[in-house]
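Remarks on the structure that follows.
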Amino acid sequence: MNNKYNHKKIEKKWQEIWAKTKLYQVDLHKSENPFYNLMMFPYPSGEYLHLGHGYSYSGADVYGRFMRLSGKNVFEPIGYDSFGLPAENYAIKAGVHPKVSIAKNIEIAREQLKSFGCMFDFEKEVVTSDPSYYKWTQWVFLKLYEHGLAYQKESPVNWCPNCKTVLANEQVINGKCERCETEVIQKKLNQWFFKITDYAEKLLKGLDDIDWPESSKIKQKNWIGKSTGVEFEMEIDGNREKLGVFTTRIDTVYGMTYVVIAPEHPLVEKITTDKQKKEIEKYQRNTQKLAEIERQSTEKEKTGVFTGAYAINPFNNKKIPIWVADYVIYSYGTGAVMAVPAHDERDFEFAKKYDLPIKESIIPKVIDKHDPPKDGAETIFRHAIQVILINPKNNKVLCLKWKKFPWTTFITGGVEGDEDTIAASKRETIEETGYIDIEYVKTLGGPVESHFYANHKGVNRKALFTALVFHLKSEKKEKISEEEAEIHELAWVTWDELHKDNNVKCAEYDIWLDRYFNQEHAFAEKGVLTDSDKYTGLTSEEAINKIAEWLEEKGIGGTKTTYRLRDWSFSRQRYWGAPIPIIYCDKCGAIPVPEEDLPVELPEIKDFRPAGLGEGPLASAPDFVNTKCPKCGGSAKRETDTMDTFVDSSFYFMRYPNVGDDTQMMNKKITQKWLPVDMYVGGAEHVTMHLLYARFVTKAFYDIGLIGFDEPFIRLRHQGMILGPDGKKMSKSKGNIVIPDEVMKKVGADAFRTYILFMGQFEDGGPWNPNGIAGISRFLEKIWRLFDREIIDSDTEIEVDRLLNKAIKKVGQDIADFKFNTAISSLMILVNGLSEAKKIDKRVLGILAILLSPFAPHLAEEVWEKLGNTDSVHNQTWPRYDKKLIEDEMGIIAVQINGKVRDQILVVKGTKENDILKLAKDSEKIKKYLQNTDIIKVIYIPDKLLSLVTK
RNA sequence: GCCCGGGUGGCGGAAUUGGUAUACGCGACGGACUUAAAAUCCGUUGAUGGCAACAUCUUGCGGGUUCGAGUCCCGCCUCGGGCACCA
């Protein structure tokens, strides 16, 4: 065969034709059925676009092409996120101005993007570092500022001493700078913030109505971190100040033995006694040196200092000490907590270290799984004990095996009269086992409230169990009563045997085991209140409500919701970003730059390196800094901070359809028609930053009245991560980077796209395996040959038509579900079938070209042309399938005997159960199994399986 | 520690509501064509036993529910990702 498939020639040919005919440019004003297919724009920081980009864009483009064939007008724009730290750091390293390096990098990226064969509309490109774009970044700032959503605040920020800049919390990884891995320190600076916290609730609620991966919704939910609890005030002994605390476990308040406040808390100075002053100040200085993230490390041992002051617990009017400790975060809640060491692990650790009292106020509550309380039965309450009797010689435990019930228990009984638990234990041991020579060892913590239905007595029991450990001193025994002997027999077992015993009928068992074997720790779960005044006996849930009510009545507190989300700090003391359009005038204060003066252009300065004095490099450009006040006309100075890159990307999707219109950021009609984005594809690493910020800006714009939608991305899908061939993350240092261009040079864009999507599930990603790609090249060549042979323009065999219709259905469904790998597999099955067929007509081949076109757009276009078509395959309509033709006439029924497949019979679809049963009984293979048995049950799943149960 | 995902042949991976596990591809082995190779085509390929028909086992491990479990329930092991003193 001399006519070989030449991907280089064909792909180049069609890319040129498509560009010339503007095939992928939609008329944004006119077109009906708009579909906005967006993918996260690349960050051209210096290197080539990597395989991950190729992966993401291939999948997103296949989807977009499918939507186009399904009758939508698909707008698929692309651009460059070109401002920000990485681009600037790259420029510094390369020794060129970022403006120069970014221009070069964009050119490289654009060529790469073109070679992917996506439906990009390159006329609608955005470049975020271009004044024509960042004019709108500044405009977005002005809009948010106008509506009180941007503000300045002196605040401690994460400061990287190496990059000499402020970092967002998200850019600090384990206390180190994301980029250069220098230890991050804390520094107080006047910073710009967006009030994203105002939108915490709306951002949370909005998640319910959008089609995003569940895991991403959960990530955002956790990031926002809503928690409902109670806030209340405490008086301070001998001081007019009051101390507010926030807790989600107000039910544990009677276990509060001290209070902790954060070192930065303004109250610290006011309440610290003279005696403690020196020590407290020293402690404050020390913590200030540590970066917030490092301070928050759980590995660090807790430290703290007593202030000398006492708070008064409003519930019992007791005086409790106030400590300062850095395990309390100032910016969350009230910056102070009530410490309940008995029921909080952190407080427990702290109390142990500083020898503070630990008071229990919650006891565990267990409900027996096997015999839960029955409705209607009488409930009897009692104090009870369980004896864990151990023979120290062999470390075996004594168990009772019940005769009438399949139960294994410890020695159990009620506490009678005024006897104590030890006396009760000894008495029960003698009564139930006869052992008289036993020695008390210890009590396993406090009681546990156990609810169960006592089968042997026919009543519900609510028992306060205490477990006591005894040792057997000798085998000395008394005879036990006959009634007792009838109930159970004794068994000495190892802990291991006991653990494996499925009949252990003791819901408290796990608690005893934990207390016996593990270190003492706080009981942090919910339970029943004890030693809590009028709330004693209530469950945690009940108590939380009652106590909140009481606080409200008293006017010292009430229910309160807090969020972990912090305001978005977006000012950067760096050069390569959009200048914040604010002017400081001595007379008028901070004045926003009027809209008509935008953009505030980034001046071309020689030394763009960060200065490191808490000011950005722009501060040393007098031509930029010195200006006139827009209000009074007097001399004034410009803000020299620039904006975080995430501001640039928080609205770019709104700008794309309006690119070219320099008079407004958004054209109302176009925006209404094209937004919100119908499908957004990109990495999951952007969930808590970019995606959250974009949602915030959208919601703010909606409230301001600029747009008519409040969620930017209706549907979102993530691509998985493509790893190096060694299964590790690709990185320069590991030398395992694969550049998509190299692959495409060898096999072409069509094979690259198809292969990378065939490797596995789109959401999963995985290691790049260069070996398998040969299979895809073979597959495409097979298709090429299919069009090369003589096409008989006549009827197609019915079997081929079946195959074709099945493929139409499956490929379409799978693409819609982002299951590209199985869609390709279905195409392969179809192509294999067509290769074997004796006759194929033009119609079938035409449909094949359309089905193939999302994956291999160039090849599909070429073979489409070969069939004699003059229009583009990409302007066709996705074929419909014939329902009658997707079902096979014959079906194989599996015949199971007792759950095992013993035979398969071929029948016409729709054959009745009785007929199939007859056929099965006649089968030689089945007969063998039916000898000397009776069929007791027949299960028939139509057209699939017949299951016979025999006896 | 907490929250999400995963674990299926030699490898990448398929498997509607529980209903014939291993589709599709890679690799490997055998064969055809060829002087030879490449390309292509045909066949075999989960494991064990058996000449074979066939049987037994098999979806990380251990239990359970069911006529029937990769799929559901309970308890573990393990890998990846996210959060991490948030009271």
Side-chain angles (χ1 to χ4, degrees), chain A residues 1 4 174 213-219 221-223 225-227 229-230 245-250 252 260 293 295-300 302 325-329 331-340 343-347 349-350 369 499-500 502 524 562-566 684-685 687-688 720-721 723 755 758-761 763-769 771-776 778-779 781-782 785 813 819 821-829 832 835 892-904 925 928 935-950:
Chain A
M1 211 169 294
K4 258 203 104 191
N174 293 326
E214 204 49 43
S215 58
S216 301
K217 290 189 183 182
I218 291 169
K219 262 188 219 168
K221 263 182 206 166
N222 292 342
W223 189 262
K226 178 178 182 171
S227 78
V230 162
V245 293
F246 172 76
T247 178
T248 53
R249 290 296 304 275
I250 192 66
T252 66
V260 195
I293 297 295
R295 217 180 96 184
Q296 288 176 5
S297 158
T298 37
E299 267 122 70
K300 189 179 157 275
K302 293 184 182 24
D326 64 2
Y327 77 91
V328 171
I329 298 162
S331 51
Y332 183 79
T334 62
V337 300
M338 61 175 219
V340 184
H343 305 298
D344 183 282
E345 293 291 354
R346 296 153 302 183
D347 299 339
E349 190 194 324
F350 193 79
K369 253 188 280 172
H499 197 63
K500 282 183 187 147
N502 287 326
T562 56
Y563 300 89
R564 303 171 59 156
L565 185 69
R566 309 289 162 79
E685 68 274 18
V687 167
T688 51
M721 197 190 297
L723 307 169
Y755 179 61
F758 181 64
M759 286 198 320
Q761 281 211 2
E763 293 83 2
D764 290 349
W768 171 257
N769 176 1
N771 298 325
I773 202 160
I776 294 295
R778 275 203 277 269
F779 165 64
E781 267 160 35
K782 210 170 187 177
R785 269 182 268 120
Q813 265 178 5
K819 289 181 180 170
N821 54 339
T822 50
I824 294 163
S825 154
S826 301
L827 275 174
M828 285 172 170
I829 292 170
N832 288 343
S835 301
I892 292 167
I893 308 277
V895 183
Q896 293 186 344
I897 309 282
N898 293 332
K900 288 201 170 169
V901 179
R902 295 303 182 183
D903 197 12
Q904 298 174 341
K925 285 180 189 168
K928 218 167 68 189
I935 297 174
I936 55 166
K937 199 173 177 187
V938 179
I939 295 133
Y940 178 61
I941 309 294
D943 297 333
K944 273 203 172 148
L945 148 152
L946 180 75
S947 182
L948 305 176
V949 188
T950 65

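All figures in this text were calculated on a predicted structure; none of them were measured in a lab. Protein chains get the first letters and strands the later ones, always in sequence-line order, with residue 1 at the start of each.
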Q: List the steps and the verdict of side-chain contact (heavy atoms from CB on, under 4.5 Å) for L946(A) and V938(A).
A: CA-CA 7 Å; L946(A) 180 75; V938(A) 179; 3.8 Å; yes
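In terms of the side-chain contact (heavy atoms from CB on, under 4.5 Å) criterion, residue partners of I892(A) (sequence neighbours excluded) are, by chain and number, Q904(A), L906(A). Residues meeting the salt bridge (charged side-chain N to carboxylate O under 4.0 Å, His left out) test with R564(A), sequence neighbours left out: none. With sequence neighbours left out, N821(A) forms a side-chain hydrogen bond (donor to acceptor under 3.5 Å, both in side chains) with no residue at all. Residues meeting the ring-ring contact (aromatic ring centres under 6.0 Å, His included) test with F350(A), sequence neighbours left out: Y258(A), W323(A), Y327(A), Y354(A). The side-chain contact (heavy atoms from CB on, under 4.5 Å) check on M721(A) picks up L723(A), K729(A), with sequence neighbours excluded. Listed by chain and number, the residues in a salt bridge (charged side-chain N to carboxylate O under 4.0 Å, His left out) with K221(A) amount to none (sequence neighbours excluded). Listed by chain and number, the residues in a ring-ring contact (aromatic ring centres under 6.0 Å, His included) with F246(A) amount to none (sequence neighbours excluded). With sequence neighbours left out, the side-chain hydrogen bond (donor to acceptor under 3.5 Å, both in side chains) criterion links T822(A) to D814(A). Annotation: side-chain hydrogen bond (donor to acceptor under 3.5 Å, both in side chains) contacts of T248(A) (sequence neighbours excluded): none.
Whole-Å rounding puts the K219(A) NZ to rA84(B) C1' distance at 15 Å. Rounded to a whole Å, the CG atom of D347(A) is 7 Å from the C1' atom of rA87(B). Atom CE in M721(A) sits about 14 Å away from atom C1' in rG5(B), given to the nearest Å. Between the CZ atom of R778(A) and the P atom of rA39(B) there is a distance of 8 Å, rounded to whole Å. In this structure, L946(A) atom CG and rU20(B) atom P are separated by 14 Å, rounded to whole Å. Taking atom CG of residue L723(A) and atom C1' of nucleotide rG81(B), one finds them 12 Å apart after rounding to whole Å. Here rG5(B) presents its P atom at 13 Å from NZ of K217(A), a figure rounded to the nearest Å. Between the CD1 atom of I776(A) and the C1' atom of rC26(B) there is a distance of 10 Å, given to the nearest Å.
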(Q) Output one letter per nucleotide in nucleotides 52-60 of chain B: B when a protein non-hydrogen atom lies under 4.0 Å from the base, S when only the sugar-phosphate is that close, - when neither is. (A) --SSSS---
Q | Protein-to-nucleotide contact annotation, 5' to 3' order, nucleotides 6-19 of chain B [B base; S sugar-phosphate only; - none; under 4.0 Å, heavy atom] | A | ------BSS----B
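Donor-acceptor pairing under 3.5 Å, judged by distance alone, is absent between the side chain of K937(A) and the base of rC67(B).
Stems are defined here as 3 or more consecutive Watson-Crick or G-U wobble pairs with pairing distances under 3.5 Å; those involving RNA chain B are B:1-7 with B:77-83, B:10-12 with B:24-26, B:27-32 with B:40-45, B:46-49 with B:54-57, B:60-64 with B:72-76.
Using modelled atom types, one finds a donor on one side chain and an acceptor on the other under 3.5 Å when comparing T950(A) with N898(A).
Nearest-nucleotide assignment on RNA chain B puts the 5′-proximal partner with G775(A), out of I897(A) and G775(A). Toward the 5′ end of RNA chain B lies the nearest nucleotide of I893(A), the other residue of the pair I829(A) and I893(A) mapping further downstream.
You'll find the ring centres of W768(A) and Y755(A) inside the 6.0 Å limit.
Contact between the side-chain N/O atoms of T950(A) and the OP1/OP2 oxygens of rC67(B) is not found at any separation under 4.0 Å. The shortest distance between the side-chain N/O atoms of Y332(A) and the OP1/OP2 oxygens of rA87(B) is below 4.0 Å.
For M828(A), the side-chain atoms get nearest to rG25(B) when compared with the rest of rG82(B), rG25(B), rA87(B).
I892(A) comes within contact range of at least one nucleobase, with a heavy-atom separation under 4.0 Å.
The glycosidic torsion of rG60(B) lies more than 90° away from 0, placing the base in the anti range.
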